[in-house]
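Data first, discussion second: the structure below is written as structure tokens.
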Amino acid sequence: MVLLSAPRWLRSRLSDRFWRVQEVLKYARHFRGRKNRCYKLAVRSVRRAFVKSTKARREKKRFLRALWITRIEAASLEHGLKYPAFISNLLKSQVELNRKMLADLAIYEPKTFKSLAALAQRRRQEGFLAALGDGKEPEGIFSRIVHHY
Amino acid sequence: MASYTKAAQQWATFARAWYLLDAKMQPPGKIAAATVIRLEGRHKPIYHALSDCGDHVVIINTRHIAFSGNKWEQKVYSSHTGYPGGFKQVTATQLHLKDPTAIVKLAVYRMLPKNLQRRTMMQRLHLFPEDVIPEDIEKNLLQEIPQPRAVPRRLDEYTPEEIAAFPRVWTP
């Protein structure tokens, strides 16, 4: 609004209060109690909600990783392997899939996951043979390290 | 891409299954550990705490559980009635005689995560002191969970041929 003179400017009052209040209340609409309607209560709740959401972004990474690990553990137990054995043998076979991808494969690509579990099991057996055998047996096939340099 | 088989597969993935567990000569703690995994749904790759993916578990022969060590005499179950002077302590033997399913039930209840889903999961646990199961539950059973402890055989359960075939470790 264009106020053309000083007296008009001095007599003007806030005219867009509704929209300023709505900017805050729109984030509080799903809250419980009066703090989803009353501005004074909503301001405090919305600020706390934003602070919690900012801090939770760091916890979300931890939570999701724990969830992936639970899912991979469930899927690998279906194939007869425990999670530490599965992950360590997969890494020793230079299969560097992260836990997110392994969890997604376990859900949506069960046959692929089964073959990964078989690979880990085979590498585990080769590790046992290398540790317990006397070196007279041939080295394992999946124990060979591929150098990319 | 929609297809009728994919819908059926998804229904099967999210269905609630019924598992059987025989608790004869098993330690109740290991029984509880095996059932808690199934009740929570942690044996499924689609597990999530909020998605209610737990299954039913039926435990039979809870009267024949086997504590290790001297726990039958030494393990104490405490409770309080809420009234003054109402602190009750019973040994495992006394509790087992009063209610043959109570030990396993308490073990499972205390091993479950302490959240609001615990009561729902306890409702999906079915305990029976003996082999006898109601027909409608027996019809639902899908698979048996392997027993956590390998039950050793008593000396009189070995045949004389097996005893004779056992290698002599020392000569008396």
Side-chain angles (χ1 to χ4, degrees), chain A residues 30-33 49 52-53 55-91 95 97-121, chain B residues 1-21 30-57 108 111-118 120-121 124 142-150:
Chain A
H30 63 280
F31 289 175
R32 186 188 249 221
K52 287 181 183 183
S53 134
K55 287 188 192 166
R57 266 176 231 136
R58 307 173 74 190
E59 314 250 322
K60 184 176 176 181
K61 298 160 181 48
R62 297 175 211 171
F63 170 75
L64 279 179
R65 186 171 162 122
L67 182 66
W68 296 327
I69 291 178
T70 313
R71 290 181 169 179
I72 296 169
E73 186 167 7
S76 64
L77 281 169
E78 277 180 1
H79 295 294
L81 262 180
K82 290 191 190 163
Y83 172 82
F86 178 68
I87 287 283
S88 58
N89 287 295
L90 223 50
L91 283 173
V95 175
L97 285 168
N98 59 4
R99 282 137 184 93
K100 174 171 154 206
M101 295 321 299
L102 285 171
D104 291 343
L105 286 175
I107 298 174
Y108 294 107
E109 315 284 342
K111 295 182 197 168
T112 313
F113 195 87
K114 184 174 181 179
S115 51
L116 284 171
L119 171 66
Q121 179 73 347
Chain B
M1 37 160 207
S3 77
Y4 292 109
T5 48
K6 296 286 182 202
Q9 190 186 51
Q10 194 183 32
W11 270 99
T13 314
F14 289 94
R16 213 169 280 153
W18 286 67
Y19 291 97
L20 178 69
L21 181 51
K30 296 201 173 160
I31 290 281
T35 60
V36 157
I37 292 181
R38 302 268 163 177
L39 286 172
E40 285 181 45
R42 274 183 192 262
H43 61 294
K44 300 182 179 175
I46 47 163
Y47 167 78
H48 194 279
L50 298 174
S51 47
D52 192 21
C53 47
D55 288 334
H56 291 255
V57 178
V108 173
M111 261 198 215
L112 284 169
K114 322 282 179 285
N115 55 21
L116 291 171
Q117 270 114 20
R118 184 164 58 158
T120 333
M121 291 193 252
R124 291 186 187 145
L142 171 69
Q143 204 186 24
E144 184 166 355
I145 308 175
Q147 291 189 312
R149 174 198 181 221

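Being a predicted model, the structure only gives us computed values, none of them experimental. The chains referred to below are lettered A, B, ... by the order of the sequence lines, with proteins before strands, and numbering in each begins at 1.
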Output the distance between atom CD1 (B:Ile37) and atom CG (A:Leu77), rounded to the nearest 0.5 Å.
-> 7.5 Å

So which heavy atom on A:Thr70 is nearest to which on B:Tyr47, and how close?
-> CG2-CD2, 3.7 Å

Give me the contact list for residues 39-46 of chain B versus chain A, heavy atoms only, anything under 4.5 Å, ordered by residue number.
-> B:Arg42, B:His43, B:Lys44, B:Pro45, B:Ile46

Which atoms of A:Phe63 approach chain B - backbone, side chain, both or neither, heavy atom under 4.5 Å = side chain

Contact list for residues 58-74 of chain A, test salt bridge (Lys or Arg N to Asp or Glu O under 4.0 Å), sequence neighbours left out | A:Glu59-A:Arg62

Check whether more than 12 heavy atoms from other residues, nucleotides or ligands sit under 6.0 Å from atom NZ of A:Lys55, and answer yes or no.
-> no

